[in-house]
Amino acid sequence: MAYHISEAELVGLLGHLALAGGSVLGSVPTSSLPWLDWLGPENSPDSFAQALRMPRSAQSPKGAVLAASESMGRYGRSVATATATPTDSLTIVGVRACELKAIRYLDKVLLDGDFHDPAYEAKRRAMTIVSCDCLDCTDSCFCTLVGGRPFADEGFDINLTGLSDGWVVEVLSDKGHRLFATKPPRATPEQLEQRDQVRRAMTQRIEAQNVRWSLRVEDSTPTRLPEAGGEGWQKFAADCVECGACNTVCPTCYCFYLYDQHAGSEEFERVRTWDSCLLSTYHRMAGGSHVKITPRPQLLARLANRVLHKFTYSPQQHGMLSCVGCGRCIDACLGRIDIRQMVRELSP
Amino acid sequence: MISKDPVSGRELYTPRMATVKRIERLGEKEKVFEIGFDGGGALGQKPGQFVELSVFGVGEAPISISSSPSRSNGSFELAVREVGNVTAALHHMEPGAKVGIRGPFGNGFPVGDMVGQDLLFVAGGIGLFPLRSLINEVLDNRDGFGRVIILCGSKRPAERMFTAELEQWRQRDDVEFLETVDKGGESWDGNVGVITTLMPKVSIEPARTYCIVVGPPVMYKFVILEAKKKGLPNDRIVVSLERRMKCGVGKCGHCQINGVYVCQDGPVFRYSDTLHLQEAL
């Protein structure tokens with residue numbers, strides 16, 4: 001169901017979220033890309049509303065569901081206690097279509113199969129998603145090359161589309177409906193037409209800025225890239241400085257490491273922290289010189305593995321690409337590796 | 001078993017407390033540890049599965065289970081070579097010490113498919129540790145299987161493990177047991193040569209035989225070549241892979257090869273299922 005609210009009503013809605021308890025995460029304007037931060041004394045509903053008309057934020061919202069570092073529970077020499085995380089409600093404002101796709105992918109990885117990741121599941125249950133259509137983009141945005149579009153039609157509680165005058169609000173869930181004390185007026189056919197125009201224009205802009213990569217891959221038709229030892233990867237690996245920034249900023253890179261830290265006398269805390277598949281230590285096993293301690297001793301193979309995972313292995317494993325075209329890895333790369341160029345050049 | 005409880009998440013990433021009950025030295029750097037859960041309860045493993053072993057304050061490592069379910073007694077055995085931080089700390093432990101256990105994880109050997117079939121075991125070095133769980137399971141249910149052929153290879157006579165059990169296997173009428181060492185010595189009057197030199201000494205019927213191979217990475221290629229020379233099809237050659245299995249539950253990414261998680265889809269694979277996995281062997 002689609003409604004229409006004014007700019008002032010949107011700011012009022014965001015203010016209401018702040019008062020309703022729980023945390024509210026969204027973007028605020030900066031001199032460059034919007035920055036993901038908490039709604040509060042430092043960041044007003046006004047600034048959140050402004051950033052909704054700007055490109056996607058510098059960081060992905062991955063950390064809201066899979067924290068960079070978090071406790072998986074404590075144990076000691078006598079008892080083990082997993083953390084029964086009392087998860088506060090969390091509303092994320094301004095989630096883009098590419099980021100919704102990333103969350104859908106993380107759901108598959110962490111919640112499908114025989115085991116459900118408990119911390120992730122608790123956070124997902126406690127989360128309300130206020131997504132928004134892109135009204136602006138970065139030079140690195142390329143969602144349309146990987147089967148995406150700069151607006152969403154699933155995976156949110158409510159979705160916002162900025163018009164020249166106010167916002168169209170699409171409500172998909174009960175959680176979404178509960179955000180409104182009184183129902184706003186239904187969007188008129190003219191307003192819905194204006195929304196379609198906004199969406200078409202943004203799609204065309206992203207297609208136009210990516211036309212030189214002439215790449216089109218979809219979840220159902222992933223591209224065929226050479227194997228990790230194959231030709232072509234070396235050119236890109238030569239520019240990689242193995243910093244792992246692409247892993248960190250990527251909204252779908254989920255790899256994590258588990259370690260223990262002391263938490264008092266004979267008490268230990270099991271901590272989960274993001275890990276990076278580009279680092280040489282990532283796959284390393286214990287063992288002497290006579291055994292193969294890592295299957296990917298060469299950077300070239302690790303870089304290839306990361307890209308193959310996004311474009312080949314994820315479609316095999318989960319039926320979807322795990323590159324959503326947000327372009328953050330392009331922005332973050334110290335070696336100026338552009339994943340569009342890499343996939344374009346290495347595709348048949 | 002592992003709790004799937006999505007709210008408490010108990011035992012998915014945090015270990016169950018257990019106690020080292022018995023320690024026996026097997027070799028210069030190898031010991032076997034008998035471990036039981038505090039508060040009882042069997043591990044409930046299948047042959048070929050592994051656990052994540054925690055040494056408190058040091059770390060956690062995946063270790064194959066060496067004892068067979070048929071000999072559980074409420075405890076299980078981990079045979080461990082000292083190669084890194086966790087295994088070194090474990091080796092310094094005395095009976096009564098506390099450890100943490102998660103698991104069992106992994107698919108285990110396809111025992112159901114092996115019923116009624118001839119089995120050719122090829123154990124190189126400490127590849128015997130995980131294979132021992134399957135061999136003893138088979139021997140404890142001996143009527144369920146055809147011929148049992150065990151080929152065992154060690155670097156030197158001093159590096160032979162579980163020697164009392166090897167001797168029992170050698171003496172059984174219903175087991176064909178062959179052993180070799182890479183380098184012999186004055187006290188050794190058995191076969192000398194790498195494990196592949198034993199392969200031509202046995203004849204098999206490839207259509208009813210499974211060849212189960214576990215050993216150091218370098219060994220697989222050569223043993224598989226020999227197995228294929230005997231006419232064994234790729235899906236009757238079974239291997240177990242070693243990877244950095246960090247979480248054990250198919251989430252953390254570390255043991256991934258192409259679209260496969262070794263900790264969940266393996267560690268046991270039919271050779272035919274590894275052919276498209278460039279990094280597997």
Side-chain angles (χ1 to χ4, degrees), chain A residues 72-85 109-111 113-122 125 227-229 253-262 266 268 270 272 275 277 282-288 290-292 294-296 301 305 308-309 312-317, chain B residues 2-17 29 38 52 54-62 81-88 97-98 100 105 216-218 241-261 264-265 276 278-280:
Chain A
M72 294 289 103
R74 278 186 181 210
Y75 65 92
R77 293 199 186 248
S78 51
V79 285
T81 50
T83 27
T85 329
V109 172
L110 293 161
L111 301 179
D114 291 342
F115 302 101
H116 288 206
D117 189 280
Y120 181 86
E121 183 153 39
R125 280 174 190 277
E227 284 279 357
C253 271
Y254 58 84
C255 286
F256 62 82
Y257 185 71
L258 294 166
Y259 69 97
D260 290 353
Q261 61 188 22
H262 285 268
E266 307 211 330
F268 303 94
R270 180 139 299 176
R272 157 160 74 194
D275 203 351
C277 63
Y282 175 82
H283 312 85
R284 204 170 70 195
M285 294 175 283
H290 60 293
V291 294
K292 194 174 169 183
T294 165
R296 287 168 212 139
N305 177 66
L308 284 161
H309 193 174
T312 305
Y313 309 153
S314 291
Q316 286 168 8
Q317 266 183 311
Chain B
I2 306 301
S3 163
K4 289 186 200 173
D5 183 344
V7 180
S8 77
R10 261 191 95 94
E11 293 167 22
L12 192 56
Y13 298 129
T14 47
R16 289 167 74 185
M17 293 297 126
K29 289 191 158 191
D38 295 356
E52 295 282 353
S54 288
V55 176
F56 305 138
V58 180
E60 193 180 41
R81 172 176 285 171
E82 185 184 336
V83 287
N85 296 339
V86 173
T87 51
K98 299 288 183 194
F105 297 125
V218 62
L241 301 185
E242 199 177 12
R243 279 296 183 280
R244 183 179 201 175
M245 298 175 283
K246 191 70 213 170
C247 75
V249 292
K251 306 295 182 202
C252 80
H254 288 81
C255 68
Q256 176 147 5
I257 311 175
N258 294 29
V260 164
Y261 275 120
Q264 287 283 292
D265 305 309
H276 71 289
Q278 196 193 22
E279 292 172 348

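To find a chain, count down the sequence lines: A is the first, B the second, and so on, and within it residues start at 1. Values in this document were obtained by computation on a predicted structure and should not be read as measured data.
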Q | Option that, when pairs with chain B are counted at under 4.5 Å, heavy atom only, ranks first among A:Q261, A:R272, A:Q317, A:E227 | A |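 Most heavy-atom pairs under 4.5 Å with chain B: A:Q317.
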Q) Any cation-pi pair here, B:K246 with A:Y257, using under 6.0 Å and within 45°? A) yes
Q.
Nearest 0.5 Å, please: how far is NE2 in B:H254 from CG in A:D275?
A.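 Reported to 0.5 Å precision, the distance equals 3.5 Å.
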Q) Relative to each other, are the rings of A:Y75 and A:F268 parallel, tilted or perpendicular (30° and 60° limits)? A) tilted
Q. Hey, what's the ring geometry for A:F256 with B:Y13, parallel, tilted or perpendicular (30° and 60° as the breaks)?
A.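 Rings of A:F256 and B:Y13: perpendicular, as their planes differ by over 60°.
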Report which part of [X] has an atom under 4.5 Å of a heavy atom belonging to chain B: side chain, backbone, both, or neither.
{"X": "A:L110", "value": "both"}
{"X": "A:H283", "value": "both"}
{"X": "A:Y282", "value": "both"}

Q.
What verdict does the side chain to side chain contact (heavy atoms under 4.5 Å, CB included) test give for A:N305 and A:Y313, after you've listed the backbone C-alpha separation in whole Å, the side-chain angles of each residue and the deciding distance to 0.1 Å?
A. CA-CA 9 Å; A:N305 177 66; A:Y313 309 153; 3.6 Å; yes
Q) Among B:N85, B:N258, B:V260, B:T87, who wins on heavy-atom pairs under 4.5 Å with chain A? A)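 Option with the greatest count: B:N258.
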Q) Which one, B:C255, B:G100, B:S54, leads in non-hydrogen pairs under 4.5 Å with chain A? A)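 Option with the top pair count is B:S54.
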Q.
Under 4.5 Å from any heavy atom of chain A, what part of B:E82 do you find: side chain, backbone, both or neither?
A. neither
Q. Any idea which heavy atoms bring B:P15 and A:R270 closest together, and the distance?
A. CD-NH1, 3.7 Å
